[in-house]
Amino acid sequence: MISRLLVISVLALLQGCAGAVMVGAVSGAKMANDERSMSTQISDTNADFTIASALSKHDDLNNQTNIAAVVMNSNVLLIGQAPNSMLRDKAIKVVQELDIGGKIHNQIRIGTPTSFTTRSNDTWVTTKVKGRMLNEKSLDITRIKVVTENGEVFLLGLIDRKQADLAVEIARNTAGVRKVVKVFEYVEPET
């Protein structure tokens with residue numbers, strides 16, 4: 001009975017929320033179509049949490065920066081802001097010591113951490129980019145991760161170059177996008 005109430009409550013909360021439905025549908029398809037093995041997908045998700053936990057244990061990083069990590073195929077994308085290079089370098093060192101296994105792509109900008117309003121706008125930009133990608137029939141959005149930080153859109157995934165170029169064009173021509181950064185790994189196109 002409690003599980004039914006929980007399901008009904010969740011459905012009521014999600015009623016009319018097209019964004020949540022779209023994200024849920026895309027996320028389910030994404031796991032099935034991802035070029036990474038299921039164990040790599042799980043390992044990447046665990047690494048995301050491990051990095052967030054490690055960074056949060058440092059008061060100066062936790063209180064003075066806005067740094068996040070996205071892991072794809074054991075490669076780490078670090079994004080956000082640090083007020084100085086000392087804190088940026090400390091965050092990178094913390095992640096290096098975790099030995100996740102792949103490359104670390106440092107995209108931490110030196111500057112004041114973004115405001116809540118900017119982060120909310122970034123979420124909206126990500127939604128717009130994903131929505132436009134979803135409407136492009138020749139693009140397999142299930143293989144692309146889109147992350148926006150301070151108007152910069154970062155594109156990750158294991159895809160072929162033609163798909164990558166199309167994804168970049170869509171992102172580049174979306175309102176609110178200041179810059180597009182490719183962090184793709186390329187695979188041979190399917191025949």
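None of these values were measured; they are calculated from a predicted model.
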Quiz item: Does a salt bridge link Asp140 with Arg143, judged by any charged N lying under 4.0 Å from a carboxylate O?
Solution: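 Looking at Asp140 and Arg143, the cut-off is met.
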Quiz item: Below 4.0 angstrom, N of the basic side chain to O of the carboxylate: do Lys93 and Glu97 qualify?
Solution: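 The answer is yes: the pair qualifies as a salt bridge.
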Quick one about [Y] and [X] (side-chain donor to acceptor, distance below 3.5 Å, no hydrogens or angles considered), yes or no?
X      : Y      : result
Thr118 : Ser115 : yes
Thr114 : Asn66  : yes
Gln41  : Ser39  : no

Practice problem: Please test Glu149 against Gln107 for side chain to side chain donor-acceptor pair (under 3.5 Å), starting from the C-alpha separation and ending with a verdict. | Solution: CA-CA 10 Å; Glu149 180 64 39; Gln107 295 293 322; over 6 Å; no
Practice problem: Mind running side-chain contact (heavy atoms from CB on, under 4.5 Å) on Ile51 and Leu98 for me, showing each step along the way? | Solution: CA-CA 8 Å; Ile51 292 168; Leu98 296 174; 3.7 Å; yes
Self-check item: salt bridge (charged side-chain N to carboxylate O under 4.0 Å, His left out): pairs with one or both residues in residues 59-80, sequence neighbours excluded
Solution: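 For residues 59-80, and leaving out neighbouring residues, the salt bridge (charged side-chain N to carboxylate O under 4.0 Å, His left out) pairs sorted by first residue read Asp60-Lys90.
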Quiz prompt | Check: Arg172 side chain, Lys179 main-chain N or O, donor-acceptor pair, under 3.5 Å | solution =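 No, the answer is negative, given that no donor and acceptor are paired below the 3.5 Å cut-off.
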Quiz prompt | Intermediate values then yes/no, salt bridge (Lys or Arg N to Asp or Glu O under 4.0 Å), Glu152 and Arg109 | solution = CA-CA 11 Å; Glu152 293 182 70; Arg109 308 297 185 231; 2.6 Å; yes
Quiz item: Does atom OH of Tyr186 have more than 12 heavy-atom neighbours, drawn from other residues, nucleotides or ligands, at distances under 6.0 Å?
Solution: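 Yes.
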Self-check item: Option passing side chain to side chain donor-acceptor pair (under 3.5 Å) with Thr148 (candidates Thr126, Asp122, Thr123, Asn121)
Solution: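 The residue from Thr126, Asp122, Thr123, Asn121 that satisfies side chain to side chain donor-acceptor pair (under 3.5 Å) with Thr148 turns out to be Thr126.
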